[in-house]
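Notes follow the structure.
Numbers here are sequence positions counted from 1. Worth knowing before you read on, the calculation uses all heavy atoms, side chains too, and leaves out hydrogens, waters and symmetry mates.
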Amino acid sequence: MAFSADELRVLRRALANALHPTPLPEEDVQDCLRLAGAVDEVVNEAGRLRAFLLADLARYRAALPGSLSGYLELLQDALAAGYDPRPDDLAALRALRAGPVAAALLERCQVLAERSVRARLAGRAVPMTAPAPRGRLLALRGGLAAAAKEPERPRTPSRPAEPARPPAPGERPMPKPSEVFPPRRRPAPAPPPEERAVS
């Protein structure tokens, strides 16, 4: 969930008031109520998106094996959002385990399903795992991040670049775009018209 600058100001004022209670002006109270309404709307939208994702997952599972890549991608997204794999998912992944992605997902789903069953048998709620972060959050200019002025660390690539493989003896190398689409040649200038002498 991301907040705008105005919403962060309202949130900061509300938290400051929670730490040091003082009477709030009417405008601040209205801002807090608007922010609470916006947060409720986002939570409801997240619930609708989750329901849509699960329905989409069921449709893709029903269309297997034709929807293999889409199903595996949706299942990964659902697992990242805290989805508890169902027996149908495990059966579908067992049928598809010849592929490396499906085999890895099957192992992950079996671990999650086993953890869920053990938790249900022990009579406690299944812990929801938070989705894995998709990227590193960066601070914007200003605020405390500007005051700290940490030196930038050099970025290291997540995996080394693979060297280009040399072409096999009977294989032609990939042509360059200039070889496939040669530049247009300009048309030769038209010869000057012949002048006729009037006699």
Side-chain angles (χ1 to χ4, degrees), residues 1-5 7-8 10-12 14-15 18-19 32 34-140 143-145 148 150 152-163 165:
M1 180 183 300
F3 291 104
S4 70
E7 290 171 334
L8 284 176
V10 171
L11 188 59
R12 185 175 53 221
L15 290 174
L19 292 174
C32 289
R34 275 193 295 276
L35 179 62
V39 169
D40 288 342
E41 185 178 330
V42 167
V43 168
N44 290 338
E45 182 65 21
R48 285 191 294 271
L49 286 175
R50 180 177 167 83
F52 175 77
L53 175 68
L54 296 180
D56 216 16
L57 184 65
R59 279 193 296 275
Y60 273 78
R61 186 185 323 113
L64 284 172
S67 62
L68 175 65
S69 62
Y71 172 71
L72 295 178
E73 185 178 319
L74 279 174
L75 184 58
Q76 286 175 342
D77 289 345
L79 291 174
Y83 173 68
D84 191 19
R86 305 238 166 23
D88 294 340
D89 295 313
L90 294 172
L93 287 173
R94 282 187 192 105
L96 301 169
R97 68 177 156 210
V101 176
L105 268 175
L106 176 61
E107 288 179 29
R108 182 176 173 196
C109 286
Q110 285 175 333
V111 168
L112 291 173
E114 184 177 331
R115 185 183 310 154
S116 173
V117 168
R118 286 179 189 224
R120 271 188 255 136
L121 289 175
R124 59 178 195 259
V126 179
M128 291 291 288
T129 57
R134 295 201 179 254
R136 187 172 163 222
L137 296 176
L138 301 176
L140 300 176
L144 295 177
E150 292 182 18
E152 289 189 24
R153 288 179 261 155
R155 294 184 181 196
T156 57
S158 58
R159 59 184 166 121
E162 296 178 11
R165 63 177 180 89

Checking L53 now: which residues fulfil side chain to side chain contact (heavy atoms under 4.5 Å, CB included) with it, not counting sequence neighbours? L74, A78
Residues in side chain to side chain contact (heavy atoms under 4.5 Å, CB included) contact with R12, at least two apart in sequence or another chain: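 Testing R12 for side chain to side chain contact (heavy atoms under 4.5 Å, CB included), a comparison that skips the adjacent residues, returns R9.
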Within the supplied structure, the quantity of interest is the number of heavy atoms (other residues, nucleotides, ligands) at a distance under 6.0 Å from Q110 CD; does it exceed 12?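 Atom CD in Q110 is packed in, count exceeds 12.
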State whether the number of non-hydrogen atoms from other residues, nucleotides or ligands found under 6.0 Å of E45 atom CD is greater than 12.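 Enclosed: over 12 neighbouring heavy atoms sit under 6.0 Å from CD of E45.
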Please find the pair of heavy atoms, one from [X] and one from [Y], that lie closest to each other, and give the distance.
X	Y	answer
D84	L112	OD1-O, 4.0 Å
R108	L79	NH2-CB, 3.7 Å
A113	L90	CB-CD1, 3.9 Å
Y71	A92	OH-CB, 4.0 Å
D88	R61	CB-CD, 3.5 Å
L75	C109	CD2-SG, 4.1 Å

Atom CG in L49, atom CG in N44: separation rounded to 0.5 Å?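 With rounding to 0.5 Å, CG (L49) is 11.0 Å from CG (N44).
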Quick one: CZ on R118 to OG on S116, what's the gap to the nearest 0.5 Å? 12.0 Å
What verdict does the side-chain contact (heavy atoms from CB on, under 4.5 Å) test give for L96 and L106, after you've listed the backbone C-alpha separation in whole Å, the side-chain angles of each residue and the deciding distance to 0.1 Å? CA-CA 9 Å; L96 301 169; L106 176 61; over 6 Å; no
Do D77 and Y83 have side-chain atoms, one donor and one acceptor, less than 3.5 Å apart?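 No, no side-chain donor-acceptor pair sits under 3.5 Å.
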For R97, what residues pass the salt bridge (charged side-chain N to carboxylate O under 4.0 Å, His left out) criterion, not counting sequence neighbours?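 Not a single residue meets the salt bridge (charged side-chain N to carboxylate O under 4.0 Å, His left out) criterion with R97.
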Salt bridge (charged side-chain N to carboxylate O under 4.0 Å, His left out) between R86 and D89: does it pass, once the steps are laid out? CA-CA 5 Å; R86 305 238 166 23; D89 295 313; 5.3 Å; no
